[in-house]
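Given the structure is predicted, the values throughout are model-derived calculations rather than measurements. When a ligand or atom number is given, it counts from 1 through the structure's own listing order.
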Amino acid sequence: MPAINYHLATVVMEPSSQPLVEDPRFLAMDACFTAFDKDGDDLLSITEFTLICRALFRNDKGHIYVVPQERLEQMFSVFDKNADGFIDREEFQFCWNHWIKTIVRPINAFLVVDVQNDFISGSLNISNCSAQQNGLEIIDPINKLINTIEFDAIFYSLDWHPSDHISFIDNIKKRPLHPDSPIDADTAQVYDTVIYAGPPPMKQRMWPRHCVQDSWGAELHKDLKVAENSIKVYKGTNPEVDSYSVFWDNKKLSDTTLNAQLKMKGTSDIYVCGLAYDVCVGATAIDAISAGYRTILIDDCCRGVDLKDIEHTKETVISSNGIIAHSKEVKAMVEGRDRRPELGYKLAMELKNSDSVLSQRNSTRRPV
Ligand code: VGL
Ligand code: ZN
């Protein structure tokens, strides 16, 4: 508990001054409101909200992140529920409980994607792919994160295919291809994309046989630290559909237990890393963002297949308000000492959406 109180106190700390809340038993929420209600009218204007954002979105090295005016206004309007141009104390209660508390004390999950033998030195060794990257290089930085940072939960995903899996090139004649498939079964090679007949028709990139259930290739690399109380998530177990994301298979037919387990722990933030950057790591990060999580992709703890696809993965994460971070930045972020405006904005937009879902439920419109 002292840690939480400390972080909440920093919220009402002006640059280069002492925390206004020094007694941890102090009612932090009201103190915060009062500290930022500069003109004492018992309301927070956009200018006063902007000061809150200056206190929130900073790191412990004294850097204050710039938040574009348009974003400040969008976030303000999420909390100014009656749209009268001010955040009153009741509106601030929502802002405090659902936004500020998460920003200063996130609940952090660490997700290590598919750090398995086959991708490092086995049948789908990514160093043979076009980017020629070495998966072994991520093991030390991942272990360092596990050894030095207190995550609230740690997950390891495993690509876990049955022998007749649809993605294996040597299984290509087991299922009919669609007439529109760009390549036929006799000419298709590893890494080509074909279209299976279905129904419904389904695009599939072909891979060498890899990560077959219970084989050596499917084991986590022996040097990867497996944290105590961590959770393993198996994916790609349905022979008929591939599964890049750790949340969903590629057809979104079924989910793994990951989202339910994250929800159970009250997770707000997900740190993603592993193999392959532009395949399973990217798909997982993007699904994490769509599922509403504040998402951080740890760049130096990922290795991928194709440089252009890796670039595209990063662009997609950034443009959907995720973060690309270096592992050395993670500890301060996890501990709420480095608070990124992109993640604050993402959370505010989630709160806005959850609001509209609620109001839709109360109206005649069909629930989404
Ligand atoms: C993966 C290709 C096929 C991955 C899994 O883990 O990135 N890539 N199956
Ligand atoms: Zn696979």
*Only one of Ile323, Ile324, Val334 passes side chain to side chain contact (heavy atoms under 4.5 Å, CB included) with Ile296; say which it is.*
Ile323
*Report the residue from Asp159, Asp249, Asp242 that forms a salt bridge (Lys or Arg N to Asp or Glu O under 4.0 Å) with Lys235.*
Asp159
*At a non-hydrogen distance cut-off of under 4.0 Å, which region of His210 contacts ligand 1 (side chain, backbone, both, or neither)?*
side chain
*Of the side chain and backbone of Leu275, name the one, both, or neither that has a heavy atom under 4.0 Å from an atom of ligand 1.*
backbone
*Ignoring hydrogens and geometry, is there a side-chain-to-backbone donor-acceptor pair from Ser243 to Trp248 under 3.5 Å?*
yes
Roughly how far apart are [X] [atom1] and [Y] [atom2], rounded to 0.5 Å?
X      : Y      : atom1 : atom2 : result
Leu343 : Tyr65  : CG    : OH    : 10.0 Å
Tyr293 : Ile107 : OH    : CD1   : 11.0 Å
Cys95  : Lys81  : SG    : NZ    : 10.0 Å
Leu44  : Phe49  : CG    : CZ    : 9.0 Å

Can you pull out the closest protein heavy atom to [atom]? Residue, atom name and distance to 0.1 Å, please.
atom                   : result
atom 2 (C) of ligand 1 : Trp207 CE2, 3.3 Å
atom 8 (N) of ligand 1 : Val279 CG1, 3.6 Å
atom 5 (C) of ligand 1 : Asp159 OD2, 3.0 Å
atom 7 (O) of ligand 1 : Ala276 N, 2.9 Å
atom 1 (C) of ligand 1 : Cys280 SG, 3.3 Å
atom 6 (O) of ligand 1 : Asp114 OD2, 2.6 Å

*Can you sort out the partners of Asp164 under side chain to side chain donor-acceptor pair (under 3.5 Å), two or more places apart, ordered by chain and number?*
none
*Below 4.5 Å, heavy atoms only, C-beta onward: do Cys273 and Phe110 meet side chain to side chain?*
yes
*Below 4.5 Å, heavy atoms only, C-beta onward: do His161 and Asn171 meet side chain to side chain?*
no
_Heteroatoms of the protein, restricted to N/O/S, which lie under 2.8 Å from the Zn ion (ligand 2)_ = Asp159 OD2, His161 NE2, His210 NE2
